[in-house]
Amino acid sequence: MSEQQPKKKRWPYVVGGIVLFLVVVVAVALWRLDAILLERARTEAATLSRTLGRPVEIGDISTQLVPHVGVEVENVVVGAAEGEQVPLVELKELDVAVALWPALTSRGQDIQVKNAEVSGLTVNIVRLPDGTTNVSRLQEKLAQQQPKEEPPPAEEQPTDLSRVRVDRAALTDATIRFIDRSAAQARELAISDLDVEVKDLRAGKPLDVVLHAAVLAEKQNFHLTLHTTPLPASLIPVPERVVLKSEPIDLAPLGPFLGPELGLQAGTLQADWTAELGAAVPGGTGPTHLKGGLRAQGLRFAGAEGGKALDVVVDTDVTGDMDKGDLSLQTLRMELGPARITGKGQVKGMLSETPTVQDFELVGQNLDPAVLAGYYPPLRKQLANQVAGPIGLVVRGGGTQESQALTAEVDLTPVRLRIPEQLSKEAGAPMRLTARLTGAAASGGALRFDAKTDLTGVDMRPGLLLDKRPGQTFTVDAAGTYQPESGKQPMKVDLSRLGIALLEYTMAGKASFSQAGTGAKETTTFALALESPRLDADELLMTDEEIAATVGGPLPEEGPDDPKRFNGMRGDMSFKIGALRMNEMDLSNMVADLKMVDDLITVERFTTGIYGGTVSANGSTVRLGPEAAQRPFELKAEVKGMNVAQALSTRVPRKVLEGTFDGQMNLSGVGYEMASLQERLAGAIDGNLLGGAFSGMDIPAAVSGPLVKALPFTGKVLDGDGVTELAEQLPFGVTIKNGVAQLSKPITWTRPDAAMSFDGGIRLDGTLDLAGTVNLGPPLIERMTLGRAKPTEPVPVALKLTGKAWSPEVTGLDVKPAAVAIGKMAVASAATELLGEKGKQVGKIITGGTDAAKEAARAEAEKRQKELEEKARQEADAARKKAEEEAKKRVRGLFGR
């Protein structure tokens with residue numbers, strides 16, 4: 001009997017089949033994924049082709065899921081545009097691999113790039129027969145598609161990339177070919193064997209970037225290494241060390257590709273330079289050390305005077321520590337053609353209380369930009385004829401052993417300056433700066449300095465602000481301390497002494513300025529306190545006519561300013577001026593304390609003598625952010641003893657009102673122009689006019705003329721001196737709305753010969769709209785009637801005052817009731833003279849007293865009051881409708897409709 005064969009195990013075949021099936025499924029899925037990605041990429045490439053104006057092709061895309069997620073892109077070509085013969089860019093392969101498991105378990109938060117490599121990149125830069133290059137044509141194409149104006153990018157916080165790591169990123173075997181087809185026979189050169197590699201890029205570790213290239217040579221002759229401080233979470237690097245080494249490179253073949261603007265024709269470059277940057281770069285710390293240098297020799301540019309060649313030499317062995325104030329110049333030589341800056345010596349402890357200076361000297365020679373432009377013609381365009389002449393620069397150490405210092409002198413007297421919209425100066429006109437650094441303040445850590453600037457030879461009128469001509473005095477004398485930014489300590493400048501002499505006027509005081517943060521979080525804090533015995537702002541500042549003459553016509557309209565430009569500014573300003581003339585006003589003993597928070601200026605204290613009285617404006621505010629025509633303001637002022645005639649003298653063509661004003665003003669408005677104020681000024685003015693007189697006209701005399709003509713007998717018009725005497729004390733209140741000043745209640749006053757009462761308002765342009773009553777006293781009636789009428793009570797006459805306040809008109813004058821009443825009085829007087837006591841009784845019957853005239857005047861006043869009320873109601877309705885329309889527009893704007 002044969003042995004029974006054991007059963008074969010089937011499960012390995014089952015598992016194998018499942019695995020094989022999964023492999024097939026994954027392969028098919030990857031194949032389909034590759035096809036989908038390739039199709040999508042080619043669609044995007046077609047869109048990019050239209051944007052660039054040249055074909056964009058993608059050869060193939062391959063993906064991988066295990067053991068890492070990877071993608072390979074092959075044979076990418078950005079082709080030639082019309083008239084070009086070679087592609088702009090050719091890329092053989094892009095390979096990116098990302099670890100799969102960390103990305104899955106972290107839901108895409110932990111990204112570990114194992115390798116990202118670009119290989120076989122070739123960039124062809126072609127100079128075409130017309131002198132342009134394919135790169136410049138591409139730039140023009142892209143510029144045409146950019147929007148005219150782009151809104152400034154919003155300030156954003158740096159992205160946290162602390163969970164992103166890159167083990168290796170590299171550009172290998174890249175080539176930049178330069179092809180010159182502008183001549184009859186094409187020339188070609190290249191920067192080849194270009195390799196860039198970065199390893200272990202991650203937060204918390206320093207970054208090393210290494211670049212090697214063969215520049216116009218067969219082997220690599222250019223080497224650059226960059227080392228950074230440990231990377232922050234944003235992975236934004238802070239350079240710490242730069243090493244540049246270059247064997248001699250002939251730059252002449254590159255000249256045609258650098259553009260006709262540069263015009264480089266010949267020259268060589270060689271470098272061996274190491275820079276330990278330290279605190280010299282933002283965010284860096286520690287000492288700075290510059291060792292070695294570079295030489296660019298025989299540089300010749302198209303258009304150079306006589307074909308002169310320019311040599312540039314930089315040779316350094318410099319060590320500095322900004323935190324300690326140390327500087328050592330073992331070697332410092334910078335040459336730019338005939339211009340030279342050399343330095344030697346040491347400074348130690350400049351930020352301490354006892355600095356030491358050892359044979360320190362920094363000297364500039366032949367620093368004349370106009371002369372350098374003879375070697376390098378593009379400099380003429382860059383300077384735009386703004387600077388010409390040798391600049392004097394000398395920095396030397398000096399002082400006693402106990403008190404050492406650095407003295408810097410900059411002499412621009414031989415220089416001709418034409419700085420647009422700032423200043424101008426002829427060669428030989430005085431302009432000097434002298435500064436002296438004497439170590440730290442007693443508190444430690446801040447550099448003490450004093451500086452003097454002489455701008456006597458400068459013409460400041462091109463700045464369109466100061467009317468300061470050449471030869472007129474302008475000096476600034478300042479002393480204080482400078483504290484550099486350190487950690488959380490902001491940069492700060494304190495000026496313990498600030499003296500300014502401008503023309504014949506002087507100012508003295510102190511100031512401080514500090515700055516911290518960056519971007520949207522930047523804050524600026526300042527303080528300024530100035531005193532002056534006398535200033536004439538009208539003489540110091542340019543008038544509109546002078547500005548127009550300077551620019552040769554009206555100023556061009558400028559774009560709107562950023563309303564947020566003052567955000568982050570905090571400051572206090574204090575001014576004390578014994579005598580100030582401004583806008584044709586003479587102020588005395590002016591004291592002003594202002595506070596600035598962002599764009600809001602608040603007047604904490606303001607007092608001054610003006611027009612024989614005093615004004616205080618504590619609590620007033622203005623916002624500087626909006627354009628000038630849209631700046632809102634609030635004026636809160638108290639006035640005592642101000643001469644009204646003097647105050648109005650420069651604002652009206654002739655005298656209008658006399659007297660002394662005591663009162664309060666509480667006004668708000670937008671903008672400073674009269675057109676805006678007439679529409680948007682609002683508020684109230686309350687006070688007393690003492691010893692007042694209306695100089696526009698003699699109101700009783702003006703009324704007498706029409707009244708005499710209406711009498712049934714010949715009378716005499718009152719002689720007037722053009723002045724209406726007001727009450728010794730005339731209290732009044734004015735409410736201003738939409739630029740119209742309306743009396744809060746009628747003003748009433750009584751003089752010996754007449755009593756008057758008026759209601760209504762006046763516009764800011766001086767237009768009157770007043771209605772009232774003039775009660776002519778018995779003496780005036782007797783003079784007007786040549787004694788025929790002898791009333792025992794005043795006779796009222798209703799009228800309106802219109803027109804400009806300095807040239808008013810009497811309108812709406814109804815003299816008929818008064819004329820009838822006066823005629824009856826004359827008859828009654830005649831009856832009395834003829835009949836005696838019986839005539840008096842007859843006269844009473846005839847006249848009925850002055851009741852008729854009073855009733856007529858009362859009726860006219862009531863009529864006028866109703867007219868004013870109706871007008872006020874209509875203006876209120878119009879303002880309400882306008883506000884509703886503006887609100888609707890804002891709502892529609894919010895929803896885009």
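Predicted model only: the values in this text are computed from it and were never measured.
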(message) Do Gln515 and Pro490 have side chains that approach each other closer than 4.5 Å (heavy atoms only, starting at C-beta)?
(response) no
(request) Kindly say whether Glu247 contributes a backbone atom to a donor-acceptor pair with the side chain of Asn221 at under 3.5 angstrom? (result) no
(message) For Thr602 versus Thr621, what's the shortest heavy-atom pair and its separation?
(response) OG1-CG2, 3.9 Å
(message) Do Val56 and Thr47 make a side-chain contact, defined as non-hydrogen atoms from C-beta onward lying under 4.5 Å apart?
(response) no
(request) Using atom types as modelled and distance alone, determine if a side-chain donor or acceptor of Asp562 lies under 3.5 Å from a backbone N or O of Lys564. (result) yes
(request) Among Leu121, Val118, Ile61, find the residue that satisfies the side-chain contact (heavy atoms from CB on, under 4.5 Å) test when tested with Leu94. (result) Val118
(request) Evaluate the side chain to side chain contact (heavy atoms under 4.5 Å, CB included) criterion for residues Thr172 and Glu117: first the C-alpha distance (whole Å), next the side-chain angles of each, then the deciding distance (0.1 Å), finally the verdict. (result) CA-CA 7 Å; Thr172 59; Glu117 183 172 355; 3.2 Å; yes
(request) Rounded to the nearest 0.5 Å, what's the gap from CD on Glu84 to CD1 on Ile179? Could you check? (result) 10.5 Å
(request) Taking the side chain as every heavy atom from C-beta outward, state whether Arg631 and Asp599 have any pair of such atoms under 4.5 Å apart. (result) no
(message) For Lys291, run the side-chain hydrogen bond (donor to acceptor under 3.5 Å, both in side chains) check against Thr274, Thr319, Thr331, Asp317 and tell me which one passes.
(response) Asp317
(message) With heavy-atom distances below 4.5 Å as the criterion, would you say the side chains of Pro87 and Val78 are in contact?
(response) no
(request) For residues Val670 and Phe633, report the shortest heavy-atom separation together with the two atoms involved. (result) N-CE2, 3.8 Å
(message) For Arg40, is the CZ atom crowded, meaning more than 12 foreign heavy atoms sit under 6.0 Å from it?
(response) no
(message) Testing the basics here: between Pro287 and Asp321, what is the closest heavy-atom pair and its distance to 0.1 Å?
(response) CG-OD2, 3.9 Å
(request) Report yes if the side chains of Lys92 and Asp173 come closer than 4.5 Å at any heavy-atom pair, otherwise no. (result) no
(message) Please report the interatomic distance CG(Leu207) to NZ(Lys205), rounded to the nearest 0.5 Å.
(response) 12.0 Å
(request) For Asp272, enumerate each residue passing the side-chain hydrogen bond (donor to acceptor under 3.5 Å, both in side chains) test, keeping only those at least two apart in sequence or located in another chain. (result) Lys245
(message) Could you check whether any side-chain heavy atom of Arg623 comes within less than 4.5 Å of a side-chain heavy atom of Phe566, counting everything from C-beta outward?
(response) no
(message) So, using salt bridge (charged side-chain N to carboxylate O under 4.0 Å, His left out) as the criterion, who are the partners of Asp315 when residues are at least two apart?
(response) none
(message) Please give me the minimum heavy-atom distance between Ala233 and Asp160, naming the atom from each residue.
(response) CB-OD1, 3.4 Å
(message) For a 4.5 angstrom cut-off between non-hydrogen side-chain atoms, does Asn75 reach Asp60?
(response) no
(message) Under the rule for side-chain hydrogen bond (donor to acceptor under 3.5 Å, both in side chains), what residues qualify as partners of Ser49, not counting sequence neighbours?
(response) none
(request) Please report the closest heavy-atom contact between Arg42 and Gly59, naming both atoms and the distance. (result) NH2-O, 2.8 Å
(message) Strictly below 4.0 Å, N to O, side chains only: are Arg165 and Asp167 in salt-bridge contact?
(response) no
(message) Taking the side chain as everything from C-beta on, heavy atoms only, tell me whether Leu495 gets closer than 4.5 Å to Lys510.
(response) no
(message) Please report the interatomic distance CD(Glu74) to CD1(Ile58), rounded to the nearest 0.5 Å.
(response) 12.0 Å
(request) Measure the CG-CG distance between Leu264 and Leu258 for me, rounded to the nearest 0.5 Å. (result) 6.0 Å
(request) Look up atom CG in Leu277 and atom OG1 in Thr228, then write down how far apart they are to the nearest 0.5 Å. (result) 11.0 Å
(request) Mark yes or no for whether Ser512, through its side chain, and Val493, through its backbone, hold a donor-acceptor pair below 3.5 Å. (result) no
(message) Pair Leu290, Trp273 - check side chain to side chain contact (heavy atoms under 4.5 Å, CB included), show working.
(response) CA-CA 7 Å; Leu290 308 179; Trp273 190 61; 3.9 Å; yes
(message) I'd like to know whether CE of Met334 has more than 12 heavy-atom contacts from other residues, nucleotides or ligands below 6.0 angstrom.
(response) no
(message) Taking side-chain hydrogen bond (donor to acceptor under 3.5 Å, both in side chains) as the definition, give me every residue that meets it alongside Asn115, ordered by chain and number, with sequence neighbours left out.
(response) Arg168
(request) With rounding to the nearest 0.5 Å, note down the distance linking CG in Leu226 to CG in Leu244. (result) 11.5 Å
(request) Check each of Thr122, Thr175, Leu211 against Leu194 using the side-chain contact (heavy atoms from CB on, under 4.5 Å) test, and report the only one that passes. (result) Leu211
(request) State whether the side chain of Arg202 and the backbone N or O of Arg163 hold a donor-acceptor pair below 3.5 Å, judged by distance alone. (result) no
(request) List in chain and number order the residues that pass side-chain hydrogen bond (donor to acceptor under 3.5 Å, both in side chains) with Asp208, two or more places apart in sequence or in another chain; answer none if no residue qualifies. (result) His227
(request) Assess whether side chain to side chain contact (heavy atoms under 4.5 Å, CB included) is satisfied between Leu447 and Leu437, documenting all intermediate values. (result) CA-CA 7 Å; Leu447 187 67; Leu437 310 179; 4.1 Å; yes
(request) List the steps, then state whether side chain to side chain contact (heavy atoms under 4.5 Å, CB included) holds for Lys595 with Arg570. (result) CA-CA 8 Å; Lys595 178 178 286 292; Arg570 305 287 187 274; over 6 Å; no
(request) Grab the two heavy atoms, one from Ser162 and one from Ala203, that are nearest each other, plus how far apart they are. (result) CA-CB, 3.9 Å
(message) Going by side-chain contact (heavy atoms from CB on, under 4.5 Å), name the residues that satisfy it together with Lys141, two or more places apart in sequence or in a different chain.
(response) Gln145
